[in-house]
J.: 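I'd like to ask some things about the structure below.
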There are 2 protein chains.
Amino acid sequence: MTEFKLNATAASLLGFLHDGPMTGWDLVTIAQERIGDFWSLSQSQVYRELSSMSVAGLIKAGERGPRDRRPFTITDVGRAAFAEWLNRETGEETIRFPLLLIVLFGQHVPKQRLAEVIIEHRERHARQLADYEKSLEDMVALEHIPTSQPDPYAMATLRFGVKYEQAVLDWFDELPEVIRGR
Amino acid sequence: MTEFKLNATAASLLGFLHDGPMTGWDLVTIAQERIGDFWSLSQSQVYRELSSMSVAGLIKAGERGPRDRRPFTITDVGRAAFAEWLNRETGEETIRFPLLLIVLFGQHVPKQRLAEVIIEHRERHARQLADYEKSLEDMVALEHIPTSQPDPYAMATLRFGVKYEQAVLDWFDELPEVIRGR
DNA sequence: TGGTACATGTAACATGTTACATGATTAG
DNA sequence: CTAATCATGTAACATGTTACATGTACCA
């Protein structure tokens, strides 16, 4: 068994492929929707990972369909690699927050500019929170429809988004006057 | 004026160089301390950025001292580039949180493993929160010593850390039983 | 005098970003 | 018929990670 060392991005693609064959396009779309908020990935990365996983036998390309659509199917090797990844991965999160750099170097930033940047970011986060809350409500609403039930795992990641955005907004609102101006 | 397009990492180094000449080693150390929690960077990156900024004339290498220490000084061009960066940069944060991937794919993760991973991460975050709170207390304590006063900008980034960790812990504690086990 | 921390740097590789090239299908 | 969307892929480059090679100065 030649161990193919999965990265988190490739692993996620395998995760999605557990639900059935998908094309690169499908995967880009679905990944951006379902993990894009806490694991960014781009279209070209997806195609790159697909081609290397295909070479390694973790997935198998099917016949090309209309518009050259090419569905990939996960193989047993792929399923094993995914399981192995789930079992091994324990990495910490990476946060890279340019705004905090601007704040840290605040003494070099014109007061006006600093205040504007803060306001702009605060608005972004308020919008993001609203989006998350909306999605969460929609999901919770599913509970009350007999045949459907929400995915508790997806719900947990959404709740993370809500908590995170709330914390960020809180932080904005408690910034001292020197920083947020006014 | 040939515009040298700074990235956030290089810009941060310039930011630190505003306080006086420093060597690569100094910069690695100081950067990890002061921005490492929200902007990771490695030793080899620092040397790489220094050498390209040196070529571009944003910084100037001084004489080698003991142990081959080579201090870099920011130039006027560098100061301008830094100011320009502060004025241009408005990027959003990137969060890459492997744990959330594991949670999202929870249906494929053995219950036991999922619960363990959650516990482990919760502990990490509890520790991190404690660290942040300690540093914050130390900083606040400075306020009561006549001659010294804490840097409000550094304090704000620390407060962000505290808020963030509190939110994460909160999230852990509200996870449903299906996910956190027990 | 020997280990640890200091200090510089490179090499090799993995990952991430941006832009482009090409074409098919569908909806208006 | 034509614009938008779907769909695949590559190229070029920027950034990030890990490991190694080399040597110095300090201090116990």
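In the text below, chain A, chain B and the rest are named by the order of the sequence lines, each starting its count at 1. These numbers come from a predicted model, not from an experiment.
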J.: Verify whether one side chain among B/Glu49 and B/Asn7 offers a donor that lies under 3.5 Å from an acceptor in the other.
T.: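 Judged by distance alone, the side chains do pair up.
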
J.: Take atom CZ of B/Arg70 and atom C1' of C/dA7, then tell me their distance rounded to the nearest Å.
T.: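 These atoms are roughly 12 Å apart.
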
J.: Contact list please: residues 21-46 of chain B against DNA chain C, heavy atoms, distance less than 4.0 Å, in numerical order.
T.: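 By residue number: B/Thr23, B/Gly24, B/Trp25, B/Gln43, B/Ser44.
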
J.: How many whole angstroms separate atom CZ of B/Phe72 from atom C1' of C/dA7?
T.: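 Distance, rounded to whole Å: 12 Å.
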
J.: Atom CG of A/Asp68 to atom P of D/dC6: distance rounded to whole Å?
T.: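 Those two atoms, CG and P, are 16 Å apart.
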
J.: Is the closest side-chain heavy-atom distance between B/Ile179 and A/Tyr153 below 4.5 Å?
T.: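 With C-beta onward as the side chain, the pair touches.
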
J.: Pick the closest DNA chain C nucleotide for B/Thr94 and for B/Pro71 by heavy atoms, then say which residue is nearer the 5' end.
T.: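 Its nearest nucleotide being more 5', the pick is B/Pro71.
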
J.: Determine the contact category for A/Arg64: base if any of its heavy atoms lies under 4.0 Å from a base atom, sugar-phosphate if only primed atoms, P, OP1 or OP2 are that close, otherwise nothing.
T.: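 Here A/Arg64 touches the backbone only, sparing every base.
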
J.: Can a side chain N or O of A/Arg67 be found less than 4.0 Å away from OP1 or OP2 on D/dC6?
T.: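 No, no such contact exists.
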
J.: May I have the distance from B/Asn7 (atom CG) to D/dC13 (atom P), rounded to whole angstrom?
T.: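 These atoms are roughly 17 Å apart.
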
J.: If you count the non-hydrogen atoms of other residues, nucleotides and ligands that lie under 6.0 Å from CD in A/Glu143, is the total more than 12?
T.: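 Buried by this count: over 12 neighbours within 6.0 Å.
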
J.: Give the rounded distance in Å between these two atoms: CE of A/Met53 and P of D/dG9.
T.: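 Result: 13 Å.
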
J.: Can you tell me the distance, in whole Å, between the CZ atom of B/Arg48 and the C1' atom of D/dA14?
T.: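 Distance, rounded to whole Å: 8 Å.
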
J.: Side chain of B/Ser54, backbone of B/Lys60: donor and acceptor closer than 3.5 Å?
T.: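 No; zero donor-acceptor contacts below 3.5 Å.
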
J.: Within this structure, what is the CD-to-P distance between B/Glu92 and C/dT17, rounded to whole angstrom?
T.: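 For the pair B/Glu92 CD and C/dT17 P, the rounded distance is 13 Å.
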
J.: Does the side chain to side chain donor-acceptor pair (under 3.5 Å) test come out yes or no for B/Tyr164 and A/Glu93, once each step is laid out?
T.: CA-CA 12 Å; B/Tyr164 172 73; A/Glu93 73 268 35; 2.7 Å; yes

J.: On DNA chain C, nearest-nucleotide positions of A/Gly65 versus B/Ser51: which is more 5'?
T.: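 Looking at DNA chain C, the more 5' nearest nucleotide goes with B/Ser51.
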
J.: Taking B/Gly161's backbone N and O only, do any of them form a donor-acceptor pair with A/Trp171's side chain (distance below 3.5 Å, no angle check)?
T.: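 The answer is no, because no donor-acceptor pair under 3.5 Å joins these two groups.
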
J.: B/Lys5 NZ to D/dA12 P: how many Å, rounded?
T.: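 To the nearest whole Å, that distance equals 20 Å.
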
J.: Taking only N and O in the side chain of B/Tyr47, is any of them less than 4.0 Å away from OP1 or OP2 of C/dT8?
T.: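 True: B/Tyr47 side-chain N/O within range (under 4.0 Å) of C/dT8 OP1/OP2.
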
J.: Is a side-chain donor-acceptor pair under 3.5 Å present for B/Glu116 with B/Gln112?
T.: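 The answer is yes; a qualifying pair exists.
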
